[in-house]
Amino acid sequence: MAFLDWGAVALFFVVMVAIGLWSYKKVSGSEDFFVAGGKLPWWLSGISHHVSGYSGAVFVAYAGLAYTHGFSIYIWWAVTITIAVIVGAFTLAPRWARLRINYNIESPTEYLSTRYNVPTQQLMAWCGVLLKLFDVGAKWAAIGILLNIFTGMPIIYGIIASGVVSLIYITIGGLWADVWTDFAQFIVQIVAGLVMFFVVMNLLGGPSSLTGIWEQLPKENSDLFRDPYTVWYVFFYFFVVFLSYNGGTWNLATRYISSPSGKDAKKSGILSGALYLIWPLFLFFPMWAAPIIMPGLSDPTQSYGLMAQELLPTGLVGLVLAGLFAATMSMTSSDANTISAVITRDILPVMSAKYKGMSQKESLRIARITTFTFTFVTLIIGIQAESFGGVLGLIISWFGALIGPISIPMLLGLFPQFKHSDSKAAISSILAGLATFVITKYFVTVPLSLSVGLPVLVSGIVYIGMGLLNRKTPVAPEVEALIAAVSTDEQKA
C-alpha cells in the first residue's frame with residue numbers, strides 16, 4: 001500500500017461521510033430516516049437492494065470457494081439469487097410497498113402485531129435483532145481480514161475504520177444516506193472490479209482466456225455442481241435465499257417498503273436480480289483464475305487480496321480495497337438502519353409506555369441512538385468473530401440456517417392462501433425451525449444441503465400444516481383486511 005493507495009481509501013471514506021452530511025438535510029422525522037418518506041426511486045432502490053445483498057465476505061470466503069471449487073459458486077450463489085429475486089419481484093416486493101401505503105409501516109416487523117399478535121411480533125423481532133448482531137459482526141470481520149491482507153495491519157483496525165465511518169453517516173443520514181452511499185459504493189465496486197477483471201484477462205492472454213482458463217484448471221473446476229454444493233444444496237438454498245432476499249433479510253425488505261408504489265418495488269427487484277446475473281461473472285473471473293496465477297495457496301481466502309497487490313499498479317490497489325470496503329459497508333449500514341427501525345417502532349413501545357405515540361422528531365432521536373448502539377455492538381462481535389466459527393461459518397451456517405424459520409411466517413403470512421395460519425402456527429414454525437437447526441448443528445451430522453434446508457423445510461411444514469388444521473376457524477377481520485390490502489392491484493390500492 002503506497003501513498004496513493006491510502007489516498008484512494010481516505011477519499012472513499014471522506015465521500016461516505018459527505019453523503020451522510022448531505023442526507024442530514026433530507027431527514028426531518030423517523031419516516032424519512034427509516035423509509036425515505038416512501039419516495040425512493042425504483043432504480044436507486046434496485047441498486048441499493050443489490051449491493052446490500054452481499055459484503056466483503058464475497059472477496060474472502062467466496063474467493064476461497066472460487067479458488068477451490070471453481071464455476072459452481074456462480075450457479076449456487078449468483079444464479080440462485082437471481083431467480084429468487086426476480087420471482088420475488090412479482091410476488092412479494094409489491095406487497096411490502098402496499099403495507100407502507102395502507103398501514104404506514106416504517107419497519108418490516110411493524111405489521112406483524114396486526115397479522116398475528118404482539119407476542120408473535122416480539123418473538124420475531126427479537127430473534128431477528130439477535131441474528132443480525134452476529135451476521136453483521138461477520139461482515140466487519142471480513143473487511144478486517146481484507147485490510148490485513150493488503151496492509152499487514154491487525155484485523156481490528158479494519159473493523160474500527162469501516163465501522164466508525166459507517167456509524168457517522170448512517171446515524172445522521174438514515175436511509176437516504178444509506179441508499180446514496182450504496183450508489184457511490186456500487187460505482188466504486190464496479191470500477192475496481194472491472195480493473196481486476198481486465199488486468200487478469202490481459203495477463204492470461206486476452207479475451208480468449210475467458211474460456212481458456214478452464215483448460216488450465218482442474219477439470220472439476222468447470223463443473224456446474226461440485227460437492228458439497230450439489231443439486232440438492234442448490235434446491236434447498238433457493239428457498240433460503242428466496243425468503244432472505246425478498247424480505248426475510250429486513251434491510252432488503254426496507255428497499256421495497258420505501259418504494260412509492262408496488263409497481264416501483266417490482267421494477268427495483270427486477271433490476272437487482274439482473275445485476276446478480278451479470279455482475280458476478282466479472283467479479284468471479286479473477287477468483288476463478290487465481291489458481292493459475294497463484295497456485296498452491298495455503299489459504300485460498302487470501303487469493304483476491306494477494307492478486308490485487310501483485311498485479312495492480314500504485315493507486316489502483318487502494319481503489320480495489322475501497323471497493324471491498326464499499327461492499328461490506330453497504331450491507332452493514334443498511335442492516336443498522338433497519339434494525340433500528342424494528343427496535344424503535346416495535347420493541348421499545350412494548351417494553352415501555354413512554355415510547356408509544358412518539359412524534360416524528362422524538363422517534364428520530366431514538367432512531368439515531370439505537371442505530372449507533374446496534375452498530376457499536378456488532379463491531380465488538382466482529383472483533384471476536386473467530387469465536388463464533390469464522391467468517392464463512394457465521395454467514396453460511398448461522399445466517400443461512402436461521403433466516404428461514406423467522407421468514408416463513410413473516411412472508412407467507414402476506415398471502416391469502418395462508419390466512420388460516422395464525423399466531424400459534426407462526427410461533428410453532430419458528431420454534432420447530434430453530435430446534436431443527438440446533439439438532440443438525442450440534443447433535444446430528446448431516447450433509448451441508450440438509451443443514452441449510454431442513455430448518456426451512458420443517459418450519460414451512462409446521463406453518464402450512466397448522467393453517468390447514470385451522471382452516472375451519474374464522475379469520476379475524478383485521479387479518480382479512482390486511483391480506484386484501486397487500487394483494488390488491490396498485491390501481492385499486
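Worth saying up front: this structure is predicted, and the values here are computed from it rather than measured.
Residue pairs satisfying the salt bridge (Lys or Arg N to Asp or Glu O under 4.0 Å) criterion with at least one member in residues 73-91, sequence neighbours excluded, are absent. Note on residues 279-288: no pairs pass salt bridge (Lys or Arg N to Asp or Glu O under 4.0 Å), not counting sequence neighbours. For residues 327-341, the set of pairs meeting the salt bridge (Lys or Arg N to Asp or Glu O under 4.0 Å) definition, not counting sequence neighbours, comprises Lys132-Asp335. Residue pairs that meet the side chain to side chain donor-acceptor pair (under 3.5 Å) test with at least one member in residues 1-15, sequence neighbours left out, do not exist here. Within the structure, salt bridge (Lys or Arg N to Asp or Glu O under 4.0 Å) contacts touching residues 181-192 (residues at least two apart or in different chains) are Asp182-Arg255.
In the model, Asp264 has a side-chain atom that pairs as donor or acceptor with a side-chain atom of Ser261 under 3.5 Å.
Atom OH of Tyr103 has more than 12 heavy atoms from other residues, nucleotides or ligands within 6.0 Å.
Residues passing the ring pair (Phe, Tyr, Trp, His ring centres under 6.0 Å) test with Phe282, sequence neighbours excluded: Phe197. Under the salt bridge (charged side-chain N to carboxylate O under 4.0 Å, His left out) criterion, Lys267 pairs with no residue, sequence neighbours left out. Applying the side-chain contact (heavy atoms from CB on, under 4.5 Å) test to Ala8 and every residue at least two apart in sequence or in another chain returns nothing. Every side-chain contact (heavy atoms from CB on, under 4.5 Å) that Asn246 has, sequence neighbours left out, goes to Leu92, Phe242, Tyr256. Here Val241 pairs with Thr80, Ile81, Ala84, Tyr237, Tyr245 under the side-chain contact (heavy atoms from CB on, under 4.5 Å) rule; sequence neighbours left out. With sequence neighbours left out, the salt bridge (charged side-chain N to carboxylate O under 4.0 Å, His left out) criterion links Glu110 to Arg345. With sequence neighbours excluded, the residues forming a side-chain contact (heavy atoms from CB on, under 4.5 Å) with Phe239 are Phe235, Val456, listed by chain and number.
With ring centers used as reference points, Trp76 lies under 6.0 Å from Tyr62. Annotation: Phe183 is not in aromatic contact with Phe186 [ring centroid separation under 6.0 Å not met]. A centroid separation of less than 6.0 Å is found between the aromatic rings of Trp77 and Phe284.
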